[in-house]
Amino acid sequence: MEIGTIGIVGAGTMGIGIAQTAATAGWNVIVIDVAESALTNGLARLESNLDRLVAKDKLDSEARDAALARVRFSTDYQQLSAADLVIEAATENVTLKHRILGQIESVARPGAIIATNTSSISVTALAASLSDASRFIGMHFFNPAPLMPLVEIIRGLQTSDATAHAISELTKRLGKTSIVVRNSPGFVVNRILVPMINEAFFVLAEGIASAEEIDTGMKLGANQPIGPLALADLVGLDVCLSVMEVFLNDFGDPKYRPAPLLREFVAAGRLGRKTGQGVYLYD
């Protein structure tokens, strides 16, 4: 399967990050979102990200302009008929993802691969919304997608060998390292990482240490490059909560109970960097 054009549904942080990754690597990209305002914000984010790379001498202005020229934005799902791969990058909501995947399949050309960037939801279960589940696969990028080198490739029960091979080869060409993991809630990285973040919220709520002290302790005591609470702000507290809720529902084990403080932050709209405030305050 030769992948020449990549479609992305969702112009949020992850969708734009994946679009930037693909465009700077030479692929034509189509970004779809239902709201014009989301597309406008997505384009502004993409331009800002690329400008930052130019300012840091990690990208020249010619390459920046070329990458921008490769990305087009639309609210029309029909535009995805030109894509060889379509990646769903919407919020971690099962109902929403099923609806989007159905819309993608209705316009995608025969043989085009459909992928999900879900960070926790069963790929096998999501594939059930498609009439041809053999071309469906999980392709989990990490935030920020242009910088993080890992992609988890998750095969659903129905995923064909040809689909898995094509995505593995594409991941290499994007300059990423992949690990192939079994379909299970949270896969590998988030299965380990998000419960640790959740535990940090329990520690914070119990007043055992301040947020700064918790993060410093984990950075200097566990050799982590970023503390768990600062990482939660980067990932998005709403995403962390959604993942924990998936774990609790799918495993039925109370050890995955979301920390009440995490729920409270999300209820207050303090979702992290993307809203300007989470555990920490951002400009």
Side-chain angles (χ1 to χ4, degrees), residues 9-10 12-15 17-18 34 87-102 115-129 136-145 148 150-152 154 156-157 181-206 211 214 218 226-275 277-280:
V9 178
T13 301
M14 287 307 303
I18 297 168
V34 294
I87 303 171
E88 170 273 310
T91 305
E92 287 292 277
N93 179 289
V94 175
T95 303
L96 175 63
K97 287 183 182 291
H98 276 300
R99 184 170 72 248
I100 289 173
L101 291 172
T116 176
N117 185 55
T118 182
S119 56
S120 60
I121 299 169
S122 168
V123 171
T124 296
L126 289 176
S129 62
F136 185 67
I137 196 165
M139 196 178 186
H140 179 210
F141 290 81
F142 292 80
N143 187 33
M148 297 295 281
L150 181 69
V151 175
E152 283 182 314
I154 308 101
L157 188 64
V181 307
R182 197 182 76 182
N183 183 53
S184 179
F187 318 125
V188 169
V189 176
N190 281 343
R191 172 76 177 273
I192 297 167
L193 178 64
V194 181
M196 182 193 72
I197 290 173
N198 192 55
E199 192 64 27
F201 276 94
F202 276 115
V203 171
L204 180 62
E206 291 167 20
I214 291 168
M218 293 304 293
I226 184 172
L229 296 172
L231 181 57
D233 277 354
L234 180 62
V235 171
L237 272 62
D238 53 336
V239 175
C240 295
L241 177 58
S242 294
V243 172
M244 290 305 299
E245 288 175 333
V246 167
F247 289 171
L248 183 63
N249 181 67
D250 289 6
F251 289 119
D253 190 329
K255 75 178 182 180
Y256 294 115
R257 177 174 67 95
L261 182 60
L262 174 59
R263 287 191 183 279
E264 190 170 8
F265 272 85
V266 172
R270 292 173 55 174
L271 308 183
R273 288 180 178 270
K274 60 188 174 185
T275 59
Q277 187 174 14
V279 177
Y280 299 101

Where do [X] and [Y] come nearest, in terms of heavy atoms and distance?
X      : Y      : value
Val246 : Pro185 : CG1-CB, 4.4 Å
Ile18  : Ala145 : N-CB, 3.9 Å
Leu237 : Ala232 : CD1-O, 3.4 Å
Pro228 : Ile214 : CG-CG2, 4.3 Å
Ile100 : Ala90  : CD1-CB, 3.5 Å

Problem set entry | Side-chain donor/acceptor of Glu152 to backbone N/O of Val188, under 3.5 Å |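 Yes.
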Exercise. Short question: side chain of Asn143, backbone of Thr13 - any donor-acceptor pair under 3.5 Å?
Worked result: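 Not a single qualifying donor-acceptor pair exists.
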Exercise. Looking at residues at least two apart in the chain, or sitting in another chain, which of them share a ring pair (Phe, Tyr, Trp, His ring centres under 6.0 Å) with Phe142?
Worked result: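 By the ring pair (Phe, Tyr, Trp, His ring centres under 6.0 Å) rule, Phe142 matches His140.
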Donor-acceptor pairs are to be reported for all side-chain atoms of residues 247-264 against protein atoms at under 3.5 Å, with residues two or more places apart or in another chain.
residue, atom, partner, partner atom, Å
Asp253, OD1, Lys255, N, 3.0
Tyr256, OH, Arg191, NE, 3.2
Arg263, NH1, Glu245, OE2, 2.8

For this session: Please lay out, stage by stage, how Val123 and Phe187 fare under the test side chain to side chain contact (heavy atoms under 4.5 Å, CB included).
Result: CA-CA 10 Å; Val123 171; Phe187 318 125; 4.2 Å; yes
Problem set entry | Ile121 and its side-chain contact (heavy atoms from CB on, under 4.5 Å) partner, picked from Leu126, Val243, Asn183, Ile154 |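 With Ile121 as partner, side-chain contact (heavy atoms from CB on, under 4.5 Å) holds for just one option, Leu126.
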For this session: Check the pair His98, Thr95 against side chain to side chain contact (heavy atoms under 4.5 Å, CB included), reporting the backbone distance first and the verdict last.
Result: CA-CA 5 Å; His98 276 300; Thr95 303; 5.9 Å; no
When you compare the side chain of [Y] with that of [X], does any pair of heavy atoms fall below 4.5 Å?
X      : Y      : answer
Val9   : Ile87  : no
Phe201 : Val279 : yes
Met218 : Leu231 : no

Exercise. Got a second to check how far Asp238's CG is from Phe265's CZ, nearest 0.5 Å?
Worked result: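 It is 13.5 Å, given to the nearest 0.5 Å.
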Problem set entry | From CG (Leu193) to SG (Cys240), nearest 0.5 Å |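 Atom-to-atom, Leu193:CG and Cys240:SG are 7.5 Å apart.
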For this session: Scan Asn117, Thr118, Thr116 and name whichever one has a side chain to side chain donor-acceptor pair (under 3.5 Å) with Glu88.
Result: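 Option passing the side chain to side chain donor-acceptor pair (under 3.5 Å) with Glu88: Thr116.
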For this session: With side chain to side chain contact (heavy atoms under 4.5 Å, CB included) as the test, would you mind laying out the steps for Asn190 and Ser120 before giving the verdict?
Result: CA-CA 7 Å; Asn190 281 343; Ser120 60; 5.5 Å; no
